Amino acid sequence: MTQELARLEDLPEDYRADLVSAGVAPLWPMMRNVLPHNAPAPVTRPHVWAYDAVRPLLMRAGELTPVEKAERRVLVLSDPGRGVGAMQATASIYVGLQLLLPGETAPAHYHTPSAARVIVEGEGAYTVVNGEKLVMEEGDLIFTPGGMWHDHGHEGQEPVVWLDALDLPVFYVLEGSYAVEGTLQAQKNRPDASQVEYLAAGLAPARTRDGDAPAPRYPLMRYPWKQVRAALDHMAIHSGREIAELDYVNPETGRSVLPTLGFTAMLLPAGEAVRPPLRSISSVFHVVEGRGATTINGVRHEWGPKDTFSAPVFAEITHEATETARLIRIHDAPLQEKLGYYEERAR
Ligand code: 1HN
């Protein structure tokens with residue numbers, strides 16, 4: 001049975017003043033805020049950031065603010081439930097759109113939060129992660145795990161834009177967020193691991209027990225869209241399900257690449273309504289290709305190529321693509337699994 005709890009106003013004023021002076025507060029008026037019944041009460045509100053609306057503002061930032069004065073030239077996608085300026089799209093996920101212009105470089109640093117980037121438009125840019133040069137092609141997903149040096153550069157002719165996703169909000173509440181600055185890194189003169197050691201699913205480099213170093217904690221940093229797209233399309237043809245989904249995993253362990261954030265590529269065929277179970281995770285969806293609409297908690301949100309949209313925890317989600325759509329879903333299932341509360345509920 002649910003019992004109505006006493007309110008702060010039910011206490012005499014002199015007692016309330018004494019509580020404040022003593023630096024204490026009664027729990028019972030706040031109990032239901034921190035522990036709502038049966039499911040969380042998210043602050044996060046679903047939102048679509050239309051690329052057509054943000055792109056001109058980002059290009060203007062390119063004219064107004066030199067990269068030297070920005071370090072990272074980014075427009076942050078703020079959760080409307082928290083207000084513009086909020087450094088989060090959901091409770092656990094930060095996303096922003098970053099612009100790098102031809103010839104620019106963004107200096108090296110490392111930080112405690114982990115990052116991943118989805119390339120949105122343009123070619124010729126690259127990022128260097130612990131000395132490995134990772135070229136950026138549209139749709140690629142590139143990881144920068146916490147503690148790894150990274151700097152960006154651009155050898156092409158047109159602006160390059162990518163979507164950054166970080167677990168920054170988690171590190172921020174832990175008071176664990178900080179960065180160390182450095183200079184541009186020396187680049188290893190070889191293609192990245194997606195082109196050398198981990199070219200095909202199910203194949204990892206052979207290692208001897210002595211002589212060879214054990215598999216690194218983060219063996220693969222770049223997941224080329226060309227390969228992900230082909231794998232998704234094959235799966236969609238042969239799986240017989242209405243949605244094809246592939247998780248980005250560490251090829252040495254099969255587990256999520258990052259400790260907190262998970263990444264899942266999705267193919268939504270045109271004309272099919274897809275209703276995933278209610279999940280305890282929050283999500284940010286980035287549309288690589290295609291068009292459609294997603295109904296989140298009863299509200300319909302239309303989207304097209306390069307748009308980004310969010311959904312809070314336990315959201316009721318129905319996707320309906322009008323053109324074959326390929327998306328990357330960013331979520332916090334790995335963190336929730338580690339905390340031991342990841343949950344799915346049937347609808
Ligand atoms: C960061 O280091 C990058 O390295 C992008 O490109 C966005 C947002 C917050 C904190 C650090 C980058 C970031 C960031």
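Source: prediction; values computed, not measured. Every number for a ligand or one of its atoms is a count from 1 in the order of the listing.
Applying the ring-ring contact (aromatic ring centres under 6.0 Å, His included) criterion to H111, with sequence neighbours excluded, gives H109, H150.
Heavy-atom contacts from other residues, nucleotides or ligands closer than 6.0 Å to CZ of R275 number 12 or fewer.
For ligand 1, the protein residues within 4.0 angstrom (heavy atoms only) are R72, Y94, Q98, H109, H111, R117, H150, H152, D164, L166, L168.
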Under the side chain to side chain contact (heavy atoms under 4.5 Å, CB included) criterion, do E320 and R300 qualify, and how do the steps go?
-> CA-CA 10 Å; E320 286 174 287; R300 191 180 144 88; 4.3 Å; yes

Atom pairs and distances, side-chain donor-acceptor, residues 171-180, under 3.5 Å, sequence neighbours left out:
none

Which donor-acceptor pairs under 3.5 Å do the side chains of residues 52-66 make with protein atoms, sequence neighbours left out?
from: R55; atom 1: NE; to: E121; atom 2: OE1; distance (Å): 2.7
from: R55; atom 1: NH2; to: E121; atom 2: OE2; distance (Å): 2.9

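Inter-residue side-chain proximity for K226 and E137 is flagged as met; some heavy-atom pair is nearer than 4.5 Å.
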